[in-house]
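Starting from 1, each residue takes its place in the sequence as its number. If you're wondering where the values come from, they're calculated on a predicted model, not measured in any experiment.
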Amino acid sequence: MPEGGALVVDTGYAVLALIADVLVLSALIGFLVSRTSPARRERWNRLRDAVTPFAVHAAWIVAVLATLGSIYQSQIANLPICEFCWFQRIAMYPLSVLLGIAAFRGEFLVAKHYFLPASIVGSCLAIYHYQLERIPNQPTTCGEAIPCSRSAFNIFGFISIPYLSMAAFLLITTLLLMVRRTDDEYEDEPIDAAPAHPGLPAPA
């Protein structure tokens with residue numbers, strides 16, 4: 001278990017992970033409920049319209065917090081880094097830069113289309129890593145010196161490093177999925193005019 005300042009930091013990140021879980025679960029329930037009627041689907045679309053201007057900024061903040069947390073754990077708390085931790089860092093670290101660029105340039109759909117795969121891959125890696133810790137006696141531990149099946153800490157009895165990673169990736173994925181095309185992007189899209197038939201005047 002971490003001690004002193006490390007315990008405070010890890011507990012703070014554990015609370016943030018629980019908040020992220022609530023947001024992801026709420027979004028999932030909202031999406032499923034919206035499929036039950038046209039009126040609820042319209043309310044869901046209005047919610048996405050309201051969230052879209054802030055979703056990529058929020059996803060960037062989550063990625064930055066996750067990146068800073070991982071750096072703290074390895075460089076200050078001196079926790080060992082296993083192979084799957086490195087794989088998740090490879091997926092997360094670029095997001096902390098690229099999502100920020102997309103957010104401040106207002107390129108929300110670019111962020112959704114090009115960065116969503118990284119967050120999905122990171123989510124899958126984190127989920128697999130977490131279950132390695134929870135389910136004993138599995139053949140794959142991804143390393144003997146620093147086995148991925150060993151938890152560096154357990155906050156509240158179940159929150160470990162891959163759990164924190166999983167919560168961050170799932171929230172980033174959810175935020176990017178909430179992004180919708182804005183009215184400005186619709187206006188910028190060219191309107192295809194119906195081709196004129198030979199011998200007939202073109203439509204006005």
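F31 contributes atom CZ, which lies 11.0 Å from atom CE of M178 (distance to the nearest 0.5 angstrom). Rounding to the nearest 0.5 Å gives a distance of 11.0 Å between OG of S34 and CD of E42. Distance check: T174 OG1 to L28 CG gives 8.0 Å after rounding to the nearest 0.5 Å. Note: R46 CZ to R41 CZ = 14.0 Å, rounded to the nearest 0.5 Å. The line from CG of L175 to CZ of F108 is 12.5 Å long, rounded to the nearest 0.5 Å. With values rounded to the nearest 0.5 angstrom, I61 atom CD1 is found 11.0 Å from L99 atom CG.
At distances below 3.5 Å, at least one donor-acceptor pair connects side-chain atoms of S74 with backbone N or O atoms of S70. Here the side chain of S151 pairs no donor or acceptor atom with the backbone of N154 at under 3.5 angstrom. Although no hydrogens or angles enter the test, the distance criterion places no donor-acceptor pair under 3.5 Å between the side chain of S149 and the main chain of L132. Looking at R48, its side chain does come within 3.5 Å of a backbone N or O of V179 through a donor-acceptor pair. Checked by atom type and distance alone, the side chain of H57 pairs as donor or acceptor with a backbone atom of A103 at under 3.5 Å. At least one donor-acceptor pair under 3.5 Å links the side chain of Y13 to the backbone N or O of L65.
Hydrophobic cluster membership differs between L171 and F54, with clusters built from Ile, Leu, Val, Met, Phe, Trp and Tyr side chains linked at under 4.5 angstrom. The hydrophobic cluster containing L176 does not contain V51, counting ILVMFWY residues as joined when their side-chain heavy atoms lie under 4.5 angstrom apart, directly or transitively. Connection of I19 to W60 is established within a shared hydrophobic cluster, with ILVMFWY side chains joined at heavy-atom distances below 4.5 Å, either directly or through further cluster members. Under the 4.5 Å side-chain contact rule for hydrophobic residues, V62 and Y114 share a cluster. Residues I155 and L68 are members of one and the same hydrophobic cluster, defined by side-chain heavy-atom contacts under 4.5 angstrom among Ile, Leu, Val, Met, Phe, Trp and Tyr.
For the residue pair A118 and F169, the shortest heavy atom distance occurs at O-CE2, 4.2 Å. Between R180 and D49, the shortest heavy-atom contact is NH1-OD1, 3.1 Å. Between A17 and L164, the shortest heavy-atom distance links the atoms CB-CD2, 3.7 Å. Summarising the geometry of G122 relative to Q88, their closest heavy-atom pair is O-CG, 4.4 Å, with the distance given to 0.1 Å. Taking all atoms of both residues into account, the shortest heavy-atom contact from S96 to V64 is O-CG2, 3.8 Å. Across all non-hydrogen atoms, the minimal contact from I172 to M92 is CD1-SD, 3.9 Å.
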List the steps and the verdict of side-chain contact (heavy atoms from CB on, under 4.5 Å) for V110 and R105.
CA-CA 10 Å; V110 170; R105 289 177 60 89; over 6 Å; no
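A donor-acceptor contact closer than 3.5 angstrom is absent between the side chains of Y130 and S165. Looking at R89 and T67, their side chains never bring a donor and an acceptor atom within 3.5 Å of each other. No hydrogens or angles considered: a donor-acceptor pair under 3.5 Å links the side chains of D21 and Y163. Looking only at atom types and distance, the side chain of T173 has a donor-acceptor partner in the side chain of S119 under 3.5 Å away.
In this structure, Y93 and I71 have side chains that are in contact, with non-hydrogen atoms separated by less than 4.5 Å. No side-chain heavy atom of V56 sits less than 4.5 Å from a side-chain heavy atom of F115. Between H129 and C85, some side-chain heavy-atom pair lies under the 4.5 Å cut-off.
Applying the 6.0 Å contact sphere to CZ of R134 captures more than 12 heavy atoms from other residues, nucleotides or ligands.
Note: F156 and F158 have tilted aromatic rings, judged against thresholds of 30 and 60 degrees for the angle between ring planes.
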